[in-house]
A.B. asks: 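Take a look at this one; I'll ask things after.
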Amino acid sequence: MTKSELISRLAAHFPQLVTKDAELSVKMIIDAMAKSLSEGQRIEIRGFGSFDLNYRPPRIGRNPKSGTKVQVPEKYVPHFKAGKEMRERVDNINKK
């Protein structure tokens with residue numbers, strides 16, 4: 001599902017919500033989540049999952065085109081872990 005599909009579904013599910021309002025709501029939620037992660041906070045949405053940051057230390061990488069070694073700096077990357085309820089729902093879809 002893309003961001004625009006989520007906005008469309010939200011607007012269809014709530015007829016009192018104009019598409020522009022649904023778009024603003026989704027944008028505000030994503031912005032708030034990005035801000036929290038950038039401040040090093042953990043995000044937990046019950047029944048859905050949690051977002052956290054994983055630290056990746058600096059390393060020597062390789063340019064796949066030329067084969068030369070490249071220094072890759074340290075960084076923090078977002079990590080999502082699905083909650084128990086979400087895992088069970090996805091697992092049940094595959095069994096039907």
Side-chain angles (χ1 to χ4, degrees):
M1 174 183 284
T2 64
K3 185 175 170 182
S4 59
E5 290 172 342
L6 176 61
I7 292 166
S8 297
R9 283 193 187 184
L10 196 58
H13 189 72
F14 297 100
Q16 71 274 17
L17 203 60
V18 182
T19 305
K20 283 288 182 188
D21 292 339
E23 183 178 352
L24 180 64
S25 300
V26 170
K27 184 182 180 326
M28 288 180 69
I29 290 169
I30 291 172
D31 288 347
M33 291 173 72
K35 184 174 186 260
S36 292
L37 284 173
S38 69
E39 293 171 352
Q41 297 175 352
R42 183 174 186 270
I43 301 169
E44 183 178 334
I45 302 171
R46 302 280 172 154
F48 182 69
S50 62
F51 296 86
D52 209 348
L53 293 176
N54 280 353
Y55 173 75
R56 293 203 180 151
R59 62 184 172 85
I60 305 274
R62 188 180 66 83
N63 182 335
K65 194 170 188 176
S66 64
T68 59
K69 292 183 179 182
V70 179
Q71 182 65 36
V72 180
E74 67 177 4
K75 60 184 167 182
Y76 287 91
V77 293
H79 173 75
F80 174 74
K81 182 177 179 187
K84 181 180 177 185
E85 185 179 332
M86 178 63 73
R87 288 192 311 266
E88 290 171 352
R89 289 173 118 183
V90 171
D91 191 36
N92 287 337
I93 290 172
N94 294 330
K95 291 181 180 179
K96 289 181 181 181

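Keep in mind it's a predicted model, so treat the numbers as computed, not measured.
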A.B. asks: Per the ring-ring contact (aromatic ring centres under 6.0 Å, His included) rule, what does the pair list look like for residues 14-40, sequence neighbours excluded?
C.D. replies: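 For residues 14-40, and leaving out neighbouring residues, there are no ring-ring contact (aromatic ring centres under 6.0 Å, His included) pairs at all.
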A.B. asks: By the side-chain hydrogen bond (donor to acceptor under 3.5 Å, both in side chains) test, which pairs, at least two apart or in different chains, include something from residues 70-84?
C.D. replies: Tyr55-Glu74
A.B. asks: Other residues, nucleotides and ligands only: do more than 12 of their heavy atoms fall within 6.0 Å of CZ on Arg87?
C.D. replies: yes
A.B. asks: State yes or no: do Met1 and Phe48 share one hydrophobic cluster built from I, L, V, M, F, W and Y residues joined by side-chain heavy-atom distances below 4.5 Å, directly or via other members?
C.D. replies: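 No; Phe48 is not reachable from Met1 via cluster members.
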A.B. asks: By salt bridge (Lys or Arg N to Asp or Glu O under 4.0 Å), which residues pair with Arg46, not counting sequence neighbours?
C.D. replies: Glu44
A.B. asks: Considering residues at least two apart in sequence or located in another chain, which fulfil the side-chain hydrogen bond (donor to acceptor under 3.5 Å, both in side chains) criterion with Lys65?
C.D. replies: none
A.B. asks: How would you list, by chain and number, every residue that makes a side-chain contact (heavy atoms from CB on, under 4.5 Å) with Met33, sequence neighbours excluded?
C.D. replies: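 Once residues adjacent in sequence are excluded, the partners of Met33 under the side-chain contact (heavy atoms from CB on, under 4.5 Å) criterion are Ile29, Ile43, Ile45, Phe51.
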A.B. asks: Could you give the distance from CG (Leu37) to CZ (Arg42), rounded to the nearest 0.5 Å?
C.D. replies: 10.5 Å
A.B. asks: Are Met28 and Leu10 connected in a single hydrophobic cluster, I mean Ile/Leu/Val/Met/Phe/Trp/Tyr linked by side-chain heavy atoms less than 4.5 Å apart?
C.D. replies: no
A.B. asks: Please, which pairs that meet side-chain hydrogen bond (donor to acceptor under 3.5 Å, both in side chains) have at least one residue in residues 6-28, sequence neighbours excluded?
C.D. replies: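 Qualifying pairs, neighbours excluded: Lys27-Asp31.
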A.B. asks: Report yes if some heavy atom in the side chain of Ile30 is under 4.5 Å from a heavy atom in the side chain of Lys3; otherwise report no.
C.D. replies: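 Ile30 vs Lys3: side chains touch.
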